[in-house]
Amino acid sequence: MNGKSGSRWTLAAYVIATLFIRAVQSKESAEAKTMTALLNNLIKDYDKRLRPNFGGSPVMVTVGLWVLSIDSINVVDMDYKLDFFLRQLWNDPRLKHNRNETLAVSNSMLDKIWLPDTYFENSKSSQFHKVTMINKLLSISPDGGVHYNARVTVRANCPMDLRLFPFDKQQCNLNIESYGYNAENMQYRWENRTDKGVAVNEKLDDMPQYNLTGATTTSYFTAYYSGNWSRLSSSFKFTRRAGYFLIHIYAPCALIVILSWISFCIPPDATAARIALGITSVLTITTILNMLNTTMPKVSYVKAIDWYLIGSFLFVFCVLVEYTFVLYVVNVHNKRLKKIMNLQQIEEAEEESLKNNSRKSAMNGSIPHKGNPDYDHYDPLESYSAFADKSKKATTHLCERSRAKRHRSSSDIEHRPLTYPRTPQCSVKRTCLHFIDPDCVDDYARVLFPICFALFNIIYWLRFKFL
């Protein structure tokens with residue numbers, strides 16, 4: 001008895017469940033049929049070739065952007081790549097319905113209703129995303145409001161001023177406009193939100209070379225030959241991060257300039273070492289300059305980084321010029337010394353032939369020269385370190401080491417090779433290279449070059465980075 005009762009209850013439950021499922025399915029089927037009828041009724045007499053309010057007031061299209069990523073900011077082509085969700089909202093009275101809810105329909109419905117012909121005025125290339133399906137969304141509210149959302153990737157033109165590169169700030173715009181409808185038929189406006197219609201992903205703060213400092217929006221009309229057109233413009237402001245260039249450009253150039261100063265510590269007679277060091281420094285700076293310019297646009301003005309590279313190039317080039325000048329001065333002094341020694345030998349030969357007892361005065365460098373009063377009281381050999389008494393000569397702090405090094409072995413001319421004469425002091429007389437001390441040129445260069453390079457850096461960084 002109990003077994004029969006349990007079977008009856010099981011059968012009853014099964015029948016009730018079956019009837020409930022069939023009722024639900026019937027209701028869902030009726031709901032689907034109702035929706036199908038509603039959608040068919042919406043597009044039954046709908047002509048998508050005509051805009052809403054045709055012949056009346058212009059269609060107001062509200063636009064909003066949700067920026068997902070900004071990358072590939074290219075200074076060579078002067079463009080940037082933008083990935084975002086584009087939202088467009090407008091009202092189409094022909095799509096009003098009596099259901100008290102917003103209808104979320106398939107994007108296949110987009111081919112059957114009117115859509116604004118929005119395009120990006122400064123776009124170089126644009127595309128919709130199609131994986132796994134076309135990334136488009138469409139919903140219709142009871143009052144005929146249409147919400148159209150699509151994911152778009154745009155490569156837009158961005159003119160850049162690179163005079164302050166790499167400390168520059170750039171502003172890139174995205175211009176939205178209708179292609180076929182002028183302001184009398186369709187107008188655009190930004191969404192009324194706190195972000196002015198443009199929301200930016202917080203992860204954009206981690207861009208490798210730029211910082212996004214802000215995004216602003218504007219709306220205005222542009223005048224064409226065919227009339228006025230409504231336009232929206234979104235401006236993205238970028239500040240370049242200079243860390244990469246500090247590490248890979250500025251620091252190596254500064255070290256190369258400092259390295260070239262080793263030439264001042266090498267003796268002037270080590271020609272191969274000094275020339276090799278100078279040429280290597282010049283070629284290295286030139287290589288860095290060429291490598292940088294291959295990744296930059298061919299602009300007609302000088303960029304901030306070019307000023308630093310050109311300045312560094314001039315410093316290492318001046319090192320070569322300084323050594324060339326030293327060699328030239330040494331050559332002038334050697335020729336003068338040979339000439340004076342030849343004159344002395346001729347005078348000694350004449351005096352010996354005349355048997356005059358003037359050998360002592362000849363060894364002291366007294367060479368008579370008729371008609372020239374300067375030679376009556378000037379002893380030319382007395383200015384040479386090889387002949388002069390170093391205890392009577394004044395020295396400067398800069399040249400003291402050079403003089404001590406040269407007089408370390410002997411002060412006699414026959415114990416040292418023929419070299420340039422020494423002046424009483426390390427002073428330069430523009431009228432005559434005979435009084436320029438080559439050793440003092442290197443000594444002064446070791447001080448003047450670092451001071452000038454330090455001043456150059458101070459002026460440069462104050463001008464382009466901190467002011």
**OP:** Verify side-chain contact (heavy atoms from CB on, under 4.5 Å) between Tyr80 and Asn74, making sure each step is shown before the conclusion.
**Re:** CA-CA 6 Å; Tyr80 72 111; Asn74 193 340; over 6 Å; no
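- If you check the side chains of Thr153 and His129, you find a donor sitting under 3.5 Å from an acceptor.
- To the nearest 0.5 angstrom, Thr217 atom OG1 is 11.5 Å from Asn173 atom CG.
- Applying the salt bridge (Lys or Arg N to Asp or Glu O under 4.0 Å) rule to pairs touching residues 244-270 yields nothing, sequence neighbours excluded.
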Subject >> Derivation and outcome, ring-ring contact (aromatic ring centres under 6.0 Å, His included), residues Phe453 and Trp261 >> reply: CA-CA 11 Å; Phe453 189 65; Trp261 299 339; 5.8 Å; yes
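- Counting only heavy atoms from C-beta outward, the side chains of Leu42 and Lys112 never approach each other to under 4.5 Å.
- Annotation: side chain of Trp114 is not in contact with side chain of Leu50 (no heavy-atom distance under 4.5 Å).
- Remark: Thr280 OG1 to Ile275 CD1 distance equals 10.5 Å, nearest 0.5 Å.
- For the side chain to side chain contact (heavy atoms under 4.5 Å, CB included) test with Leu138, the passing option among Val105, Asn107, Asn149, Leu103 is Val105; the others fail.
- Between Glu101 and His97, the shortest heavy-atom contact is O-CE1, 3.1 Å.
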Original post:
Could you walk me through whether Tyr308 and Phe464 pass the ring-ring contact (aromatic ring centres under 6.0 Å, His included) check?
Top reply: CA-CA 10 Å; Tyr308 195 86; Phe464 292 105; 9.8 Å; no
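- At least one test fails for Lys169 against the ring of Phe238: distance under 6.0 Å to the centre or angle within 45° of the axis.
- We find the NZ-OG distance between Lys136 and Ser106 to be 11.5 Å, quoted to the nearest 0.5 Å.
- To the nearest 0.5 Å, atoms CG (Asn182) and OH (Tyr179) are separated by 14.0 Å.
- Side-chain contact of Asn290 with Asn293: a donor-acceptor pair under 3.5 Å is absent, judged by distance alone.
- Considering every non-hydrogen atom in both Tyr323 and Pro268, the closest pair reads OH-O, 2.6 Å.
- Here salt bridge (Lys or Arg N to Asp or Glu O under 4.0 Å) pairs that include residues 235-257, with residues two or more places apart or in two chains, are Asp168-Arg240.
- The disulfide bond (SG atoms under 2.5 Å apart) analysis of residues 135-234, with sequence neighbours excluded, yields the pairs Cys158-Cys172.
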Atom pairs and distances, side-chain donor-acceptor, residues 53-68, under 3.5 Å, sequence neighbours left out:
| unit_1 | atom_1 | unit_2 | atom_2 | d |
| --- | --- | --- | --- | --- |
| Thr62 | OG1 | Arg189 | NE | 3.0 |

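- Distance OG/Ser234 to CG/Leu174: 6.5 Å, rounded to 0.5 Å.
- Surrounding CD of Gln209 are more than 12 heavy atoms belonging to other residues, nucleotides or ligands, all under 6.0 Å away.
- Asn211 and Thr239 share no side-chain donor-acceptor pair at under 3.5 Å.
- Between the side chain of Tyr119 and the main chain of Ser178, no donor-acceptor pair closer than 3.5 Å is present.
- Legend: salt bridge (Lys or Arg N to Asp or Glu O under 4.0 Å) pairs involving residues 274-283, not counting sequence neighbours, sorted by first then second residue: Arg274-Glu322, Arg274-Asp442.
- Salt bridge Lys81/Asp71: absent, no basic N to carboxylate O contact under 4.0 Å.
- The closest donor-acceptor contact from the side chain of Gln170 to the backbone of Asp161 lies under 3.5 Å.
- Qualifying side-chain contact (heavy atoms from CB on, under 4.5 Å) partners for Thr222, counting only residues two or more places apart in sequence or in other chains: Glu177, Tyr220, Tyr224, Trp229, Arg231.
- Between Phe245 and Phe167, the closest side-chain pair of non-hydrogen atoms is not below 4.5 Å.
- A donor-acceptor contact under 3.5 angstrom links the side chains of Asp143 and Ser141, judged on distance only.
- Separating the CG atom in Leu448 from the CG atom in Leu455 is a distance of 10.5 Å, to the nearest 0.5 Å.
- With sequence neighbours excluded, no residue forms a side chain to side chain donor-acceptor pair (under 3.5 Å) with Asn228.
- Heavy atoms only, all atoms of each residue included: Asn122 and Asn175 are closest at OD1-N, 3.2 Å.
- Residues meeting the salt bridge (Lys or Arg N to Asp or Glu O under 4.0 Å) test with Asp47, sequence neighbours left out: Arg49.
- Every residue two or more places apart in sequence or in another chain that forms a ring pair (Phe, Tyr, Trp, His ring centres under 6.0 Å) with His248 is listed here: Tyr244.
- Scored by the salt bridge (Lys or Arg N to Asp or Glu O under 4.0 Å) test, Arg94 finds Asp92 as partners (sequence neighbours excluded).
- Between Leu162 and Tyr301 the shortest heavy-atom distance is N-OH, 3.0 Å.
- For the residue pair Leu320 and Gly278, the shortest heavy atom distance occurs at CD2-CA, 3.8 Å.
- The 12-atom threshold is exceeded at NZ of Lys124, counting heavy atoms of other residues, nucleotides or ligands nearer than 6.0 Å.
- With sequence neighbours excluded, no residue satisfies side-chain contact (heavy atoms from CB on, under 4.5 Å) with Ala276.
- With sequence neighbours excluded, the residues satisfying salt bridge (Lys or Arg N to Asp or Glu O under 4.0 Å) with Asp195 are Arg193.
- A donor-acceptor contact closer than 3.5 angstrom links the side chains of Ser126 and Ser123.
- With a 4.5 Å cut-off on side-chain heavy atoms, Asp306 and Lys303 count as touching.
- Within the 3.5 Å criterion, the main-chain N or O of Thr36 finds a donor-acceptor partner in the side chain of Asn40.
- Counting heavy-atom neighbours within 6.0 Å of Asn192 CG, excluding the residue itself, gives a total of 12 or less.
- Crowding of Met291 atom CE: a count of heavy atoms from other residues, nucleotides or ligands under 6.0 Å not exceeding 12.
- In terms of heavy atoms, Asn91 sits closest to Gly145 at ND2-N, 3.6 Å.
- Under a 3.5 Å cut-off, the side chain of Ser260 and the backbone N or O of Val257 do form a donor-acceptor pair.
- Considering Leu86, Leu82, Asn157 in turn, Leu86 is the only one that fulfils the side chain to side chain contact (heavy atoms under 4.5 Å, CB included) rule with Phe120.
- Within the 4.5 Å cutoff, side-chain heavy atoms of Gln88 are placed close to those of Thr118.
- At a cut-off of 3.5 Å, with distance as the only test, a side-chain donor of Tyr250 or Tyr460 sits close to an acceptor on the other residue.
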